[in-house]
Amino acid sequence: MATSDHLSPATSPTPPATAAEHVKVDYLNLPCPIPYEEIHREALMSLKPELFEGMRFDFTKGLNQKFSLSHSVMMGPTEIPSQSTETIKVPTANYEFGANFIDPKLMLFGRVMTDGRLNARLKCDLTDNLTLKGNAQLTNEPHMSHGMFNFDYKGSDYRTQFQVGNGALLGASYIQSVTPHFSLGGEVFWAGQPRKSGIGYAGRYNTDKMVATGQFASTGMVALSYVQKVSEKVSLASDFMYNYFSKDVTASFGYDYILRQCRLRGKIDSNGVVAAFLEERFNMGLNFLLSAEIDHKKKDYKFGFGLTVGE
């Protein structure tokens with residue numbers, strides 16, 4: 001008896017289901033987003049390294065598991081305001097003494113400098129979800145001292161923050177996960193002393209390979225950033241900054257290259273500024289720093305090197 005080469009619809013094999021059909025988003029169990037103020041942190045790592053000019057030496061000595069002391073020496077020029085197009089620099093030297101207390105639920109950092117400035121930072125976990133952060137700077141210059149406290153609450157799929165500072169500064173922010181990879185947030189602030197207020201909105205989309213963010217504020221700021229993780233060692237970043245009141249526009253492109261013993265970061269922007277920052281690890285507790293920034297438009301060249309001793 002001859003058999004047919006074609007199967008009837010009732011006996012035809014069912015096509016395999018795609019992976020997308022098996023993945024169902026549980027909107028009641030979304031991940032907690034990063035804080036609103038840190039939505040650009042991946043881009044800032046590449047585009048905003050801690051550049052410096054001159055010589056820098058940092059030494060940290062641990063007294064026990066929680067308490068340590070630090071000493072920092074900085075020698076290099078300081079820019080002073082000028083009406084001319086040329087940059088005027090004055091040679092300066094500063095020494096900074098610091099004390100650090102680090103505990104799983106409490107961190108205290110204090111710095112005092114030879115020019116009379118005193119900086120202090122605080123982070124305290126009041127509960128598992130509520131954190132208090134504070135920072136203050138005291139100086140001899142009139143109206144230059146300031147202080148601020150932040151109350152951060154971490155929910156299951158959202159974060160909120162409330163800020164209060166001197167000068168009648170009040171602020172609040174909220175960010176919510178909409179999908180496993182996308183979050184939306186907003187902020188509002190009021191500065192009583194200059195009588196200014198503002199409101200802002202932000203969005204962030206992130207995967208294992210990329211991060212894209214956008215931020216808009218009523219102060220006129222528009223900020224866009226994109227980070228692409230090329231590999232485990234190489235990341236590329238770009239950002240776009242625009243102020244629709246002053247019409248200032250800046251775009252920049254940067255990279256972050258991590259090797260076994262060093263980390264190299266750098267950027268170039270639309271204003272003709274090229275910068276690079278190298279951290280080389282010589283040995284356990286000994287790092288060498290190289291910093292360079294060239295502003296072709298202003299003919300301003302900044303080079304620095306330093307050593308960091310201690311963990």
Side-chain angles (χ1 to χ4, degrees), residues 33-45 47-48 50-51 78-83 87 109 111 113 115-124 130-155 158-176 178 183-204 212-226 239-252 269-271 273 295 298:
I34 67 173
Y36 184 90
E37 60 184 5
E38 299 180 12
I39 61 172
H40 300 288
R41 67 183 181 186
E42 289 86 358
L44 295 179
M45 288 296 293
L47 302 175
K48 302 290 183 182
E50 191 179 349
L51 302 173
T78 300
E79 298 182 7
I80 61 176
S82 174
Q83 296 181 353
T87 303
F109 303 93
R111 299 289 185 272
M113 294 174 235
D115 58 4
R117 286 181 295 168
L118 174 64
N119 296 322
R121 287 189 296 137
L122 159 72
K123 182 181 179 182
C124 178
L130 183 61
T131 301
L132 169 65
K133 299 178 182 179
N135 63 81
Q137 183 183 68
L138 302 178
T139 180
N140 296 326
E141 301 179 14
H143 310 294
M144 294 302 293
S145 299
H146 63 83
M148 179 179 294
F149 287 97
N150 299 337
F151 294 89
D152 299 334
Y153 184 81
K154 178 182 178 181
Y158 69 92
R159 287 179 184 263
T160 183
Q161 182 185 82
F162 178 74
Q163 299 177 340
V164 57
N166 65 322
L169 176 63
L170 299 174
S173 64
Y174 180 87
I175 186 167
Q176 171 75 54
V178 181
S183 57
L184 290 173
E187 66 173 343
V188 61
F189 71 89
W190 163 258
Q193 191 169 8
R195 292 188 174 274
K196 291 183 179 181
S197 61
I199 188 171
Y201 308 94
R204 172 186 168 94
T213 61
Q215 188 174 10
F216 166 78
S218 60
T219 55
M221 181 197 69
V222 177
L224 306 174
S225 68
Y226 179 82
D239 71 349
F240 175 82
M241 305 290 292
Y242 173 65
N243 190 308
Y244 59 82
F245 289 146
S246 62
K247 306 302 180 182
D248 293 334
V249 180
T250 303
S252 58
D269 63 25
S270 57
N271 294 324
V273 179
D295 190 335
K298 296 182 179 180

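One-based numbering along the sequence shown. Computed over heavy atoms, backbone and side chain alike; hydrogens, waters and symmetry mates excluded.
Looking at F151 and L132, their side chains come closer than 4.5 Å, going by heavy atoms from C-beta outward. Counting heavy atoms from C-beta on, the side chains of K154 and T131 never come closer than 4.5 Å.
Legend: residues meeting salt bridge (Lys or Arg N to Asp or Glu O under 4.0 Å) with K196, ordered by chain and number and at least two apart, are absent. Annotation: side chain to side chain contact (heavy atoms under 4.5 Å, CB included) contacts of A202 (sequence neighbours excluded): Y36, I39, Q215. Contacts of T78 classified as side-chain hydrogen bond (donor to acceptor under 3.5 Å, both in side chains), with partners at least two apart in sequence or in another chain: T92. Every residue two or more places apart in sequence or in another chain that forms a side-chain hydrogen bond (donor to acceptor under 3.5 Å, both in side chains) with N119 is listed here: Q137. Under the salt bridge (Lys or Arg N to Asp or Glu O under 4.0 Å) criterion, E187 pairs with no residue at all, not counting sequence neighbours. Taking the ring pair (Phe, Tyr, Trp, His ring centres under 6.0 Å) definition, one finds that Y174 meets it with Y158, sequence neighbours left out. With sequence neighbours excluded, the residues satisfying side-chain hydrogen bond (donor to acceptor under 3.5 Å, both in side chains) with R41 are E38. Every residue two or more places apart in sequence or in another chain was checked for a salt bridge (Lys or Arg N to Asp or Glu O under 4.0 Å) with D295, and none qualifies. When the side-chain hydrogen bond (donor to acceptor under 3.5 Å, both in side chains) test is applied to S183, no partner is found at least two apart in sequence or on another chain. Take E141 and apply the side chain to side chain contact (heavy atoms under 4.5 Å, CB included) test, not counting sequence neighbours, and it matches T139, M144. By the side chain to side chain contact (heavy atoms under 4.5 Å, CB included) test, L44 pairs with H40, K48, sequence neighbours left out.
Of the inter-residue distances, the one linking S252 atom OG with D239 atom CG reads 3.0 Å to the nearest 0.5 angstrom. Atoms CG and CZ, on N135 and F149 in that order, are 8.5 Å from each other to the nearest 0.5 Å. With rounding to the nearest 0.5 Å, the separation of CG in L224 from OG1 in T213 is 7.5 Å. To the nearest 0.5 angstrom, Q163 atom CD is 6.5 Å from S173 atom OG. Rounded to the nearest 0.5 angstrom, I175 CD1 and I34 CD1 are separated by 6.5 Å.
Using modelled atom types, no side-chain atom of T160 and backbone atom of Y153 make a donor-acceptor pair closer than 3.5 Å.
Considering every non-hydrogen atom in both S246 and N243, the closest pair reads N-OD1, 3.2 Å. The two residues S145 and L138 have their closest heavy-atom pair at OG-CA, 3.6 Å.
The salt bridge (Lys or Arg N to Asp or Glu O under 4.0 Å) analysis of residues 159-173, with sequence neighbours excluded, yields no pairs.
Taking the six-membered ring where tryptophan is involved, the planes of Y242 and Y244 are tilted, since the angle between them lies from 30° to 60°.
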